[in-house]
*Asks:* 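Here's a structure for you.
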Amino acid sequence: MSGTAGRPAVLVLNTGSSSIKAGVFEAGKGDRPILSALAERLGTAEAHCSLRDPDGSKLDAPQPPEDSKFTDTKFTHEAMLAWLIPLLRQRSGVELVAAGHRIVHGGAHYSRAVAIDDSVVAALNQLIPMARTHQPYGLAAVEAVRKRWPELPQVACFDTAFHATISHLNRMVALSRPIIDKGVRRYGFHGLSYAWIASHLPDILGARAKGRVIVAHLGNGASLCGLIGCESRATSMGFSTLEGLMMGERPGTLDPGIVLFLLEELGMNLEEVRHLLFKESGLKGVSGLSNDMRTLLASESPFAKEAVALYIHRAVREIGAVAAEIGGLDALIFTAGIGEHAAPIRAGIVEGCSWLGAELDPAANAADATLISPPGAKVTAYVIPTNEEAVIARETRAALDLNP
Ligand code: ADP
């Protein structure tokens with residue numbers, strides 16, 4: 001099915017709205033990819049792609065040809081996938097036996113990864129209205145693989161699935177019964193990232209892993225997960241990817257009265273409001289400068305400083321809410337781009353959580369160490385890098401029984 005024989009491997013595709021993270025993993029086991037790729041700034045003329053070996057060293061990668069296949073000067077997801085998928089197989093010399101995908105929404109039905117067939121594709125397409133800005137990209141990747149290798153088994157790994165264990169009340173929304181009965185509820189996202197962190201908590205936290213832990217996934221999108229005994233009990237993101245923390249381009253929790261005001265009084269139409277909420281708010285909106293935390297931390301602009309201060313304030317507020325839901329806090333974990341690399345943000349959040357007993361070791365924090373609290377802290381803070389692609393590989397193997 002994949003051409004020349006090589007060692008059996010799983011292709012992993014984590015397809016976002018402007019990027020594709022891809023990896024080729026051994027079919028049997030292992031969290032380190034044989035080869036990985038990162039394609040960024042898709043949909044713009046600056047789209048590019050880099051390849052890395054298992055140690056994370058950059059490899060020479062041919063760039064997508066600027067010919068007609070790539071629709072004018074814009075490298076679409078489709079064009080990038082059509083170019084990247086065969087390239088990964090050729091460069092790694094493997095025989096692909098499966099492909100695993102990040103699919104943002106699994107709805108109420110899928111609480112674990114599932115082998116993809118026509119009925120699964122149909123069900124996942126039906127969830128597009130619940131996650132218009134994310135769901136189509138993962139499904140497009142499924143289609144791209146299917147086009148190239150129709151017989152290759154594929155698996156959908158869901159961002160929602162890890163939150164199947166949230167409490168009944170965390171899941172509920174306080175709308176009217178007829179709306180609740182239509183299935184309007186909270187789901188939670190970033191579950192692949194939380195699954196990775198949860199699998200490492202016993203090694204890193206020891207006995208505290210059994211306790212009350214909040215993981216802050218602070219990437220471009222951001223959310224919190226409150227865990228007890230390594231299982232999700234509460235999360236800050238709800239029905240859509242808009243709720244909870246302030247994010248790169250999304251506002252986080254917002255009075256719905258504001259949305260009505262935008263529509264009724266400011267005369268904005270539905271598409272304009274959607275664009276504002278998903279693309280023009282959060283760090284980007286408040287700073288008027290950028291959604292990139294590095295840019296904001298380096299900026300002297302008062303609006304950039306205000307955006308950073310609000311980001312921290314909102315995070316502290318939401319951590320308080322999730323801590324209340326899980327009955328207190330033993331450990332606070334930072335992960336994803338900002339969580340792993342932005343020491344001033346971690347410092348602000350840990351200081352803001354001092355009322356819960358969180359303490360910071362400034363030197364350890366500045367060094368991005370794993371443990372960033374002093375010995376004896378009531379609430380210990382940690383930095384744990386996430387690895388969604390490795391979780392997709394694990395879940396794909398498990399769904400297809402590929403493990404030796
Ligand atoms: P995505 O949700 O797109 O996967 P990432 O997890 O890569 O996002 O996180 C992107 C965010 O991480 C951006 O705001 C970026 O500025 C921030 N980031 C990455 N590296 C650093 C750094 N060294 N210092 C501060 N912020 C960083």
Side-chain angles (χ1 to χ4, degrees), residues 12-23 36-44 46-50 52 56 77 80 101-104 131 133-134 137-138 141 157 159 189-197 215-225 236-237 241-242 244-252 278-287 289-299 301 304-305 307-312 314-315 333-349 365-369 372 383-392:
V12 165
L13 291 170
N14 175 355
T15 313
S17 54
S18 67
S19 70
I20 298 170
K21 293 173 189 156
S36 61
L38 173 62
E40 293 177 287
R41 312 205 60 175
L42 298 176
T44 76
E46 287 88 48
H48 63 272
C49 181
S50 57
R52 288 183 188 274
H77 280 74
M80 186 59 87
H101 298 267
R102 176 187 180 195
I103 301 290
V104 165
T133 46
H134 290 84
Y137 297 107
C157 306
D159 266 317
F189 298 89
H190 297 129
L192 299 170
S193 174
Y194 295 131
W196 173 262
I197 303 290
V215 182
H217 175 105
L218 308 179
N220 242 324
S223 71
L224 303 174
C225 181
S236 64
M237 245 182 197
T241 55
L242 287 174
L245 300 174
M246 177 172 166
M247 300 171 230
E249 296 166 320
R250 290 168 254 165
F278 281 98
K279 289 284 166 207
E280 297 295 336
S281 301
L283 291 172
K284 184 179 175 190
V286 177
S287 69
L289 186 65
S290 171
N291 65 337
D292 193 309
M293 188 57 90
R294 280 166 292 204
T295 308
L296 301 187
L297 289 172
S299 169
S301 146
K305 290 184 190 303
V308 169
L310 185 58
Y311 186 91
I312 292 169
R314 290 297 174 125
I333 316 290
F334 292 95
T335 195
I338 294 172
E340 292 167 29
H341 304 293
I345 302 300
R346 290 193 303 257
I349 293 174
N365 185 47
D368 293 343
I372 57 169
V383 179
I384 305 179
T386 196
N387 194 340
E388 290 164 322
E389 291 73 38
V391 172
I392 297 169

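Both ligands and their constituent atoms are indexed starting at 1 by order of listing. The basis for the numbers below is simple: all heavy atoms, side chains too, and nothing from hydrogens, waters or symmetry mates.
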*Asks:* Can you tell me if Thr386 uses its side chain to pair, donor with acceptor, with the backbone of Ala336 under 3.5 Å?
*Replies:* no
*Asks:* Suppose we screen for side chain to side chain contact (heavy atoms under 4.5 Å, CB included). Which residues come up paired with Ala216, at least two apart in sequence or across chains?
*Replies:* Leu218, Leu224, Phe334
*Asks:* Mind listing the closest non-hydrogen atom pair of Trp196 and Val391 along with its distance?
*Replies:* CB-CG2, 3.5 Å
*Asks:* Taking non-hydrogen atoms within less than 4.0 Å of ligand 1, which protein residues qualify?
*Replies:* Lys21, Gly219, Asn220, Gly221, Asn291, Asp292, Met293, Arg294, Ala336, Gly337, Ile338, His341, Ala342
*Asks:* Which label fits Tyr194 and His217: parallel for a plane angle under 30°, tilted from 30 to 60°, or perpendicular past 60°?
*Replies:* perpendicular
*Asks:* Any side-chain to backbone donor/acceptor pair from Arg314 onto Gly244? Under 3.5 Å, distance only.
*Replies:* no
*Asks:* Is there a side-chain contact between Val383 and His341 in this structure, where contact means two heavy atoms from C-beta onward sitting under 4.5 Å apart?
*Replies:* no
